[in-house]
Every structure is written in structure tokens, then in C-alpha cells.
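Note that this is a predicted model, so its numbers are computed, not measured.
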Amino acid sequence: MSRPVLLVIAHGSRDPRHAATVHAVVERVRSLRRGLRVETGFLDFNVPSVHGVLESLAAEGVRDVVALPLLLTRAFHAKADIPAVLREAPARLRIRQADVLGPSPLLLSALERRLYEAGLTPADKSSTGVVLASAGSTDPEAIAVIADIAREWWHTGWCAVRPAFASASLPRTEDAVQELRALGCERVAVAPYVLAPGFLPDRIARGAAGADVLAGVLGPAPEVARVLLERYDGARRPALTALGA
């Protein structure tokens, strides 16, 4: 049985850094699993559109697709926008929507990778407070997930970990930085829990002005690519089980 095509669905942005980073993530996925066909579609602003990619795949005779939201939390885009687009796909396609990327222990490893690349070391953990800075959402489930991740990450040895949000929710990054200072952490680091540069990550960076360390976005970290492949495998597993594979 041929493997389903993996369609990575990104939000899209007017900021060209966003699409460039998405394509870098996809290239990392391809490098980890040679022979897997991976396509990219955008919900807005960039091309190709998700609908356009699905039309092209159907015209080629492709039957099976795993649609994977390039999203860290299960909020509006994963619950509403993406299912709506997939419902408009050509009828000949069998499409399974994979889970969003987070939460995952691999993403915590990617966050730490970025912090160490920014200058921290494992020896700094116990004296460093970390702001887990996400884009933000009006979805209570998504906000709760970020808070849970912050608590889980704190238990790995950091002085403290506080969630922060660039939009829709509070606290803001700068407020969380001040809170960690008040707690007495020797140094404060900001870890953007975002996949690609853009308007909201830039807001996080501005809010990190009072921190000692600002990590880069997750981008094409190898752990991110591994999560994508985990989600892909998870989405196609029911079909494999039904076939006795």
C-alpha cells in the first residue's frame, strides 16, 4: 500500500519570513523520511492554497492524504478553519486530519535547544526563570494547554516557568519577565512557543527587552520535524490497523 501524501497546512502571513520558515520545516521532514511525499498549503496570504494543492493531488490520481495542521495548539484554526477547507476537497480524496503538534515532550526539547543556542547551558536551569511566550488565543482549551506546558517544563528543573501571550490573553511577555524578576530568579529568559517569525513573534521579542536571553522561534528544529512525522503516523495508523499492516 502506498503511503498517504502528507499535506502540511500552515496559516500563512504577509511576512515573508513565515513562508520561508514553513518551507524549511517541510524540508527537514523530507530529510528525515526519504520517499515520503510532503506538500505544503496555506490557509491565507501565501500560495499554494490548501484547496489548490488538494485539487492538484486529485487531478494526479492521488487517493490518500494526511492533512497536518502546522499549529501548536488546538484552537479555532484546527477546530473550524481547516476542517471547513478539507470538506471542500475533491470527493475522490480520502483525507485524514492529523492532530496539532502540541503538546509534546519533543517540543519541550526544541524549546530548550533554542535557549541553549541563545547562550544558556543546562547548568543555568536552576537559577533561570523562563517565560513561555505563545501567540495567544481566545480558546480556553488552548490557553489551558499553554499553562499545563509551563507547569510541566518547570518540573524539569528551571527556577520558574511562566506562560505569556502576545495577543488575546494575559499576561504579556513583559509582565511575565517582571514577575520572574520579582521572584528572585538570577536571570530571565524568553522562549517563544511559536513556529515561525511574524507579527506576533515580533511582539514577543519587544516584550522580552527586559530579559537576559531571548531564544529563537522553533522553526525547523529537528524535534519539530519529528513531531510532524509522529502526527502523520498517528493519523494513518487506523487505516493500517484495519488492513492488518
*Asks:* Q97 versus V66: any side-chain heavy-atom pair under 4.5 Å?
*Replies:*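 A side-chain contact under 4.5 Å is absent here.
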*Asks:* Is R30 reaching over with its side chain to a backbone N or O of V38, donor-acceptor style, under 3.5 angstrom?
*Replies:*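 At least one qualifying donor-acceptor pair exists.
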*Asks:* Measuring from atom OG of S134 to atom CD1 of I149, what distance do you get when rounded to the nearest 0.5 angstrom?
*Replies:*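 One gets 8.5 Å once the value is rounded to the nearest 0.5 Å.
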*Asks:* If I take atom CZ from residue R172 and atom CD from residue Q178, how far apart are they, to the nearest 0.5 angstrom?
*Replies:*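 Reported value, rounded in 0.5 Å steps: 13.5 Å.
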*Asks:* When you look at R94 and D64, which way does the salt bridge (charged side-chain N to carboxylate O under 4.0 Å, His left out) test go after all the steps?
*Replies:* CA-CA 5 Å; R94 291 191 293 259; D64 292 296; 2.7 Å; yes
*Asks:* Using a 3.5 Å distance criterion without hydrogens, assess whether the side chain of R17 forms a donor-acceptor pair with backbone atoms of A196.
*Replies:*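 A pair under 3.5 Å: no.
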*Asks:* Contact between L200 and R203 at the side-chain level, heavy atoms closer than 4.5 Å - yes or no?
*Replies:*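 They are in side-chain contact.
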*Asks:* With salt bridge (charged side-chain N to carboxylate O under 4.0 Å, His left out) as the test, would you mind laying out the steps for R3 and D233 before giving the verdict?
*Replies:* CA-CA 10 Å; R3 289 182 291 187; D233 292 336; over 6 Å; no
*Asks:* Using modelled atom types and a 3.5 Å cut-off, is there a donor and acceptor pairing between side-chain atoms of D81 and backbone atoms of L43?
*Replies:*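 Looks like no, no N/O pair under 3.5 Å.
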*Asks:* Using a distance-only test with no angle check, is there a side-chain donor-acceptor pair under 3.5 angstrom linking H51 and E55?
*Replies:*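 Their side chains do contain a donor-acceptor pair, which is all the 3.5 Å distance test asks for.
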*Asks:* So which heavy atom on R113 is nearest to which on P222, and how close?
*Replies:*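 Looks like NH2-CG, 3.3 Å.
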*Asks:* Check residues 206-220 and write down every donor-acceptor pair under 3.5 Å in which the side-chain atom is one partner and the other belongs to a residue at least two apart or another chain.
*Replies:*
{"unit_1": "D212", "atom_1": "OD1", "unit_2": "R181", "atom_2": "NH2", "d": "3.4"}
{"unit_1": "D212", "atom_1": "OD2", "unit_2": "R181", "atom_2": "NH1", "d": "3.0"}
{"unit_1": "D212", "atom_1": "OD2", "unit_2": "R181", "atom_2": "NH2", "d": "3.2"}
{"unit_1": "D212", "atom_1": "OD2", "unit_2": "V188", "atom_2": "N", "d": "2.8"}

*Asks:* Are the side chain of K125 and the backbone of L120 linked by a donor-acceptor contact shorter than 3.5 Å?
*Replies:*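 No, because the side chain of K125 does not come within donor-acceptor range (under 3.5 Å) of the backbone of L120.
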*Asks:* How many angstroms lie between OG in S137 and CG in L71, if you round to the nearest 0.5 Å?
*Replies:*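 If we round to the nearest 0.5 Å, S137:OG and L71:CG are 10.5 Å apart.
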*Asks:* Look up atom CG in L68 and atom CD in E230, then write down how far apart they are to the nearest 0.5 Å.
*Replies:*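 L68 atom CG to E230 atom CD measures 11.0 Å (nearest 0.5 Å).
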*Asks:* When you compare the side chain of R28 with that of V224, does any pair of heavy atoms fall below 4.5 Å?
*Replies:*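 When only atoms from C-beta onward are counted, R28 and V224 do not touch, as no gap falls below 4.5 Å.
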*Asks:* Would you say the side chain of V65 lies within less than 4.5 Å of the side chain of P4, judging by non-hydrogen atoms?
*Replies:*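 P4 does not reach V65 side chain to side chain.
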*Asks:* With rounding to the nearest 0.5 Å, note down the distance linking CG in L183 to CZ in R162.
*Replies:*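 Result: 5.0 Å between the selected atoms.
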*Asks:* Are any non-hydrogen side-chain atoms of Y232 and L36 less than 4.5 angstrom apart?
*Replies:*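 Yes, side chains in contact.
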*Asks:* In a check of side chain to side chain contact (heavy atoms under 4.5 Å, CB included) between I9 and each of V53, V22, L86, which one passes?
*Replies:*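 Option passing the side chain to side chain contact (heavy atoms under 4.5 Å, CB included) with I9: L86.
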*Asks:* May I ask you to check whether over 12 heavy atoms, not counting those of R92, lie within 6.0 Å of atom CZ?
*Replies:*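 More than 12 heavy atoms, drawn from other residues, nucleotides or ligands, come within 6.0 Å of this atom.
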*Asks:* Within the 4.5 Å heavy-atom criterion, are F165 and I146 side-chain neighbours or not?
*Replies:*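 Side chain of F165 against side chain of I146, heavy atoms only: contact under 4.5 Å found.
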*Asks:* In terms of ring plane angle, is the pair W153 and W158 parallel, tilted or perpendicular, where the classes change at 30° and 60°?
*Replies:*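 Rings of W153 and W158: perpendicular, as their planes differ by over 60°.
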*Asks:* What distance separates L54 CG from E39 CD, expressed to the nearest 0.5 Å?
*Replies:*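 Going from CG on L54 over to CD on E39, the span is 10.0 Å.
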*Asks:* Is Y193 reaching over with its side chain to a backbone N or O of L111, donor-acceptor style, under 3.5 angstrom?
*Replies:*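 Such a contact is absent between Y193 side chain and L111 backbone.
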*Asks:* Does R226 have more than 12 heavy atoms from other residues, nucleotides or ligands lying within 6.0 Å of its CZ?
*Replies:*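 No, because the 6.0 Å sphere around CZ of R226 holds 12 heavy atoms or fewer from other groups.
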*Asks:* Is there side-chain contact between H18 and P197, with at least one heavy-atom pair below 4.5 Å?
*Replies:*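 A side-chain contact is absent here, since even the closest heavy-atom pair is not under 4.5 Å.
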